[in-house]
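Residue numbers count from 1 along this sequence.
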Amino acid sequence: MGTSVASDLSIREMKKKITIILALSVLFTLTCFTVFLLHSKDTSLVFPSLPQQVVKGSRSVFGKMMDHIRVKKIPGVSRETAATSAQPAPPLDPCPDSPPSLVGPVLVEFETIRSLQWVRNQLGSVLQQGGRYKPPDCTARQKVAVIIPFRNRYEHLTHWLYYLHPVLMRQQLDYGVYVINQDGDGAFNRAKLMNIGFVEALKEYDYDCFVFSDVDLVPIDDRNLYRCSDHPRHLSVAIDKFNYILSSVTAFGGVSLLTEEQFLKVNGFSNTFWGWGGEDDDLYNRIIVRGMSITRPDAGIAKYKMIKHGRDLHNEVNPENAVKTQKTAQNIETDGLNSLNFTVKEILKDVLFTLISVDVQAP
């Protein structure tokens with residue numbers, strides 16, 4: 001019996017030693033695992049199913065530990081410096097009020113035969129798709145949408161793109177060129193195309209200035225800034241066709257600029273001017289009715305050359321348009337942006353421009 005008791009004590013001592021050894025082994029394993037977590041160089045293998053932003057959002061103890069783990073140590077760079085380096089670059093300084101690269105008078109001629117592909121080869125490398133550009137080294141003072149009413153004037157458009165893109169670049173504008181093409185062969189409606197350009201351009205970018213430009217007018221001095229002001233602005237003051245003399249004190253056609261606020265205030269153009277003439281006079285009247293006035297640059301720099309052309313088919317003079325200009329005050333509330341109807345048929349993004357073909361529901 002004494003032998004049996006001694007045997008039992010020996011077994012108990014052995015079990016106790018084994019338990020202690022196992023406990024120490026488990027503790028050692030947990031310690032090693034914790035050290036591995038805190039010092040692992042490839043922590044993407046740890047908890048791979050947990051996104052970092054979710055972990056940070058919880059701000060739990062586990063989340064704080066993941067913050068520590070996921071910032072890799074870079075020799076000579078503290079954790080705070082590494083976090084700072086991941087922040088986006090600071091914003092660029094505003095572009096100067098007077099663009100430094102302007103050259104003044106420029107030579108403009110339309111005798112040279114140019115193709116769209118040739119112009120793409122000349123200018124496409126510095127443009128973004130859709131005819132977009134912004135200065136690379138400063139923040140433009142305005143975001144400008146240039147809107148061109150269009151139908152079948154491809155030769156004119158090629159000349160316009162060749163000359164205007166470099167001018168607008170030197171003026172350090174954040175701009176896009178929108179060619180609004182009237183689909184079909186019904187009566188042309190220049191004013192309605194302008195309204196459509198305004199609406200469609202704003203769907204793409206937060207433009208704050210809108211240039212409404214005929215495709216046959218090219219400036220011959222780049223100091224004539226395509227930039228909006230506190231009042232609606234008329235740029236095409238002196239055109240060679242009129243011997244560089246302003247055709248009328250109420251003239252507001254050719255190349256005109258309005259801010260988004262100004263254009264909304266006048267309810268845009270009228271949509272009812274079919275055929276040639278009158279829509280610019282009506283817009284001038286809208287500006288006056290709404291208590292605004294227009295400004296113009298000095299005629300010495302606001303000079304333009306017009307590409308010679310005949311009267312377009314389905315854009316004949318409409319005698320009814322002159323009568324409508326007498327009723328601007330009556331129609332401004334109900335005829336304009338708030339009554340605009342059209343259908344977009346196609347949108348094409350060329351490197352030189354965005355072409356939007358539309359059905360204007362011509363009579």
Side-chain angles (χ1 to χ4, degrees), residues 103-124 127 131 144-171 175 177-182 185 188-191 193-194 197 211-226 234-248 251-257 275-280 296-297 299-317 350-357:
V103 297
V106 294
L107 176 64
V108 174
E109 53 84 20
F110 307 124
E111 288 72 30
T112 300
I113 298 175
R114 302 179 175 97
S115 68
L116 275 177
Q117 186 54 52
W118 184 82
V119 179
R120 289 187 194 103
N121 294 340
Q122 299 295 311
L123 304 173
L127 292 169
V144 181
V146 185
I147 297 168
I148 302 173
F150 184 83
R151 186 166 64 180
N152 300 326
R153 296 275 198 92
Y154 293 99
E155 181 182 353
H156 295 178
L157 178 61
T158 301
H159 290 307
W160 189 98
L161 294 166
Y162 173 70
Y163 285 112
L164 263 295
H165 271 303
V167 167
L168 300 176
M169 290 177 196
R170 291 197 297 271
Q171 293 183 2
Y175 73 89
V177 173
Y178 294 85
V179 179
I180 314 302
N181 175 56
Q182 181 171 327
D185 57 1
F188 193 63
N189 193 324
R190 174 179 175 272
L193 294 175
M194 302 286 205
V211 176
F212 301 99
S213 174
D214 287 343
V215 74
D216 59 359
L217 286 176
V218 174
I220 58 177
D221 194 314
D222 64 4
R223 293 172 297 175
N224 189 15
L225 299 180
Y226 279 56
H234 181 224
L235 290 192
S236 52
V237 175
I239 303 175
D240 62 343
K241 179 181 178 180
F242 305 114
N243 296 317
Y244 298 110
I245 297 174
L246 183 66
S247 60
S248 167
F252 200 62
V255 183
S256 306
L257 285 70
W276 188 88
E279 72 279 358
D280 293 320
R296 296 187 177 95
I301 63 171
K303 293 183 175 181
Y304 283 79
K305 287 194 73 171
M306 178 181 285
I307 305 172
K308 295 179 180 179
H309 59 87
R311 177 71 58 203
D312 296 319
L313 187 64
H314 306 296
N315 192 30
E316 293 80 10
V317 175
D350 189 277
V351 72
L352 296 173
F353 55 88
T354 295
L355 177 69
I356 305 178
S357 293

Check your understanding: Please walk me through it: do Ile307 and Trp160 pass side-chain contact (heavy atoms from CB on, under 4.5 Å)?
Key -> CA-CA 9 Å; Ile307 305 172; Trp160 189 98; 5.8 Å; no

Check your understanding: Only one of Val177, Leu168, Val211, Leu257 clears side-chain contact (heavy atoms from CB on, under 4.5 Å) with Val144; which?
Key -> Val211

Point to revise | Closest non-hydrogen atom pair, Val255 against Ser213 | key: CG2-OG, 3.8 Å

Practice item. Evaluate the criterion side-chain contact (heavy atoms from CB on, under 4.5 Å) for residue pair Phe212 and Asp280; output intermediate values, then yes/no. Key: CA-CA 11 Å; Phe212 301 99; Asp280 293 320; over 6 Å; no

Exercise for review: Using modelled atom types only, decide if a donor and an acceptor are shared between the side chain of Glu279 and the backbone of Arg190 within a distance under 3.5 Å.
Suggested key: no

Review point. Quick one: does Ser236's side chain have a donor or acceptor within less than 3.5 Å of a partner on Gly253's backbone?
Key: yes

**Study point:** For Pro166, side-chain contact (heavy atoms from CB on, under 4.5 Å) partners two or more places apart
**Key:** Leu123, Arg170

Check your understanding: Donor-acceptor pair, Asp222 side chain versus Gly104 backbone, under 3.5 Å?
Key -> yes

Exercise for review: Evaluate side-chain contact (heavy atoms from CB on, under 4.5 Å) for Tyr162 paired with Thr112, printing each intermediate quantity in order.
Suggested key: CA-CA 11 Å; Tyr162 173 70; Thr112 300; over 6 Å; no

Review point. Do Leu246 and Arg296 have side-chain heavy atoms sitting under 4.5 Å apart?
Key: yes

Practice item. Mind checking side-chain contact (heavy atoms from CB on, under 4.5 Å) for Ser256 and listing every partner two or more places apart, or none if nothing turns up? Key: His234, Phe252

Point to revise | Partner residues of Arg114 under the salt bridge (Lys or Arg N to Asp or Glu O under 4.0 Å) criterion, sequence neighbours left out | key: Glu109

Exercise for review: Please tell me if the side chains of Trp118 and Ile113 come closer than 4.5 Å, counting only heavy atoms from C-beta onward.
Suggested key: no

Check your understanding: Relative to each other, are the rings of Phe110 and Tyr163 parallel, tilted or perpendicular (30° and 60° limits)?
Key -> perpendicular

Exercise for review: Assign the ring pair Tyr175 / His165 to parallel, tilted or perpendicular, where the plane angle (0 to 90°) is split at 30° and 60°.
Suggested key: tilted

Check your understanding: Does any N or O in the side chain of Asp350 come within less than 3.5 Å of the main-chain N or O of Leu352, such that one atom is a donor and the other an acceptor?
Key -> yes

Study note, to complete from the structure: Checking Ile180, Asn181, Leu193, Asn189 against Pro149 for side-chain contact (heavy atoms from CB on, under 4.5 Å), the one that qualifies is Leu193

**Study point:** Short side-chain to backbone donor-acceptor contact, Lys241 and Met306, under 3.5 Å
**Key:** no

**Study point:** Close side-chain approach of Asp221 and Lys303, heavy atoms under 4.5 Å
**Key:** no

**Study point:** Side-chain heavy-atom pair Phe188, Asn152 within 4.5 angstrom cut-off
**Key:** no

